[in-house]
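Everything below concerns the one structure shown next.
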2 protein chains.
Amino acid sequence: MNSQAVEDYLKAIYKLQSSQSMVVTSALADHLKVNPASATGMIKKLADSNLVSYERYQGVKLTPPGEKIALEVIRHHRLIELYLAEALNVPWDQVHDEAEKWEHILSEDLEDRIDKILGYPTTDPHGAPIPSRDGNIEQRNTNLLSELTQGDNAIIVEVSDDDTDMLRYLGKLELYPQTNIQIISISPFDQLITIRIIPNKDSNNDFVIGQKVASSILVSKLEED
Amino acid sequence: MNSQAVEDYLKAIYKLQSSQSMVVTSALADHLKVNPASATGMIKKLADSNLVSYERYQGVKLTPPGEKIALEVIRHHRLIELYLAEALNVPWDQVHDEAEKWEHILSEDLEDRIDKILGYPTTDPHGAPIPSRDGNIEQRNTNLLSELTQGDNAIIVEVSDDDTDMLRYLGKLELYPQTNIQIISISPFDQLITIRIIPNKDSNNDFVIGQKVASSILVSKLEED
DNA sequence: ACTAAACTTTAGGCGCACCTAAATTTTAGT
DNA sequence: ACTAAAATTTAGGTGCGCCTAAAGTTTAGT
């Protein structure tokens, strides 16, 4: 087995696993943009290597060794994203695609050098936690921005990193991780959300986002004033 | 055709072409550590794509488009080597192996960013010239250190970059690019070369190198005092 | 000029990850 | 509980770069 393919599959399973506890073949195939039949084939090989546990027609789940590899790749990916942003000034909407390529060839030695230069960071430019070298990853209590209700105060924790256009748009709106926001209102029927960035008292700067944007933002709720 | 394989073949042909004007199948196969039959197969595909010109049983030569790609890859390789050495403190005997992996995935955008950060450099850590973006590479008038004769003064221009152990050894001897040396003597029969590093007047620091080391160093002769 | 050795190419196969089409299993609606 | 639709797997095939073994070409020595 080619290790790049293995890493891509394990990483995809890891990401999909957060929503469902068992990842279904079609979801995996969709995510990797391969035919479901191809995913089945690869899944069987991964199961033979003990990287996933697999039940025919049911789905797939990472084993501990599979999860370890997934977390190593994710660590590489996020360290590289941050390094590209900090050291090479790559805009945050481009770092993901670059990191997708680099994550598979990063040596342990370079990983350590980058980690050190960045000062042992814990989150990437999109706010996602960087797993530790030994495979620990911070668990957070978050909500989708789309789940909030009128009046809620929250801090943006993380934005999804894989949609360049979305990221550029969020950048324009200045919706970065660590930004405090308040939900001013939610319109009935079409669920448009009016938001205010919090240090800003001027209601002229309120703006409206739709469901698609709102569900690409992870927040942590803050106590009301 | 997988582009990594194509790039590796073109780069290898470029390097071998400097010694012979037509590269023979077995030399290419040796360099790439594949079976000669495999090289033949790939050569045919490269010829079909107009990247090399090929005569059965005679050998292979880069076409202009093939050379352009080769020089782009070499530019990537050398920029990355220098970047790793300068920005990430990777020791000079390790940068080659890392660069071998990174050269194939470097985007134009990142290439430019790295080039700029390094101040548009013209040589890599081993003294090899970095091709320009449009594919020009400095031609030099050099000799192998092993070709010099007693009394010659010379400056080290370049050392071969692909032998980790050799590089570590040269580092220990402080034989870096830009170092001035003098050939003190050459022993008969076994051709051992006694060398002095030139700002050093103390003959106690003279040392002896053999043919293998001497032929991994490119020098430019200096006028006698 | 000939022949043996060295080199190169051809022929036939392999594993990889992918694909389409057909068969199987699960699911959801009545 | 049954059946139609949806999801999944199996079967069979592709291109890729690699391999070994056999056949063909060039070369160097007599």
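Within every chain, numbering begins at 1; the chains are lettered A, B, ... in the order of the sequence lines, protein sequences first and strands thereafter.
In this structure, Thr25(B) reaches the sugar-phosphate backbone alone: every heavy-atom distance under 4.0 Å involves primed, P, OP1 or OP2 atoms, never a base. Residue Asn2(B) is classed as a sugar-phosphate contact, given heavy-atom separations below 4.0 Å to backbone atoms only. Residue contacts for Ser38(A): at a heavy-atom cut-off of 4.0 Å it reaches a base atom on one of the strands shown.
At the phosphate of dT10(D), OP1 or OP2 sits under 4.0 Å from a side-chain N or O atom of Lys44(A). At dC18(D), one or more side-chain N or O atoms of Tyr9(B) fall inside 4.0 Å of OP1 or OP2 (strictly under the cut-off). The phosphate of dT8(D) (OP1 or OP2) has no side-chain N or O of Tyr54(A) nearer than 4.0 angstrom.
Listed nucleotides dG17(D), dT8(D), dT20(C) differ in distance to Thr40(A); the shortest reach to its side chain belongs to dT8(D). When distances are taken from the side chain of Met1(B) to each of dT20(D), dT8(C), dG17(D), the shortest belongs to dG17(D). Of the candidates dT8(D), dA17(C), dT9(C), the closest approach to any side-chain atom of Pro36(B) belongs to dT9(C). Nearest nucleotide to the side chain of Lys45(B), out of dC16(D), dT9(D), dT8(C): dC16(D).
Protein atom CG of Leu28(B) is 10 Å distant from nucleotide atom P of dT9(C), rounded to whole Å. Going from atom CG of Asn35(B) over to atom P of dG12(C) covers 17 Å, rounded to whole Å. Rounded to an integer number of Å, the gap from Met22(B) CE to dT26(D) P is 14 Å. Taking atom CG of Leu32(A) as the reference point, atom P of dC16(C) lies 18 Å away to the nearest angstrom. In this structure, Gln58(A) atom CD and dT8(D) atom P are separated by 10 Å, rounded to whole Å. The CG atom of Leu46(A) sits 13 Å away from the P atom of dT9(D) (whole-angstrom rounding). Residue Tyr57(A) contributes atom OH, which lies 13 Å from atom C1' of dA6(D) at whole-angstrom precision. The separation between Arg56(A) atom CZ and dA23(C) atom C1' is 12 Å, rounded to whole Å.
Atom CD of Glu7(B) and atom CD of Gln4(B) lie 7.0 Å apart (nearest 0.5 Å).
Side chains of Thr122(B) and Glu138(B): no donor on one and acceptor on the other come within 3.5 Å.
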What do the steps show when you test Asp190(B) against Ser187(B) for side chain to side chain donor-acceptor pair (under 3.5 Å), and what is the final call? CA-CA 6 Å; Asp190(B) 50 7; Ser187(B) 70; 2.6 Å; yes
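Sequence order on DNA chain C of the closest nucleotides to Val34(A) and Ala39(B) puts Ala39(B) first from the 5' end. For Ile43(B) and Ala5(A), each mapped to the nucleotide of DNA chain C holding its nearest heavy atom, the one lying further toward the 5' end belongs to Ile43(B).
Taking the six-membered ring for Trp and the full ring otherwise, His126(A) and His96(A) have centroids separated by 6.0 Å or more.
For the side chain to side chain contact (heavy atoms under 4.5 Å, CB included) with Ile114(A), the qualifying choice from Leu106(A), Leu84(A), Leu82(A) is Leu106(A), the only one to do so.
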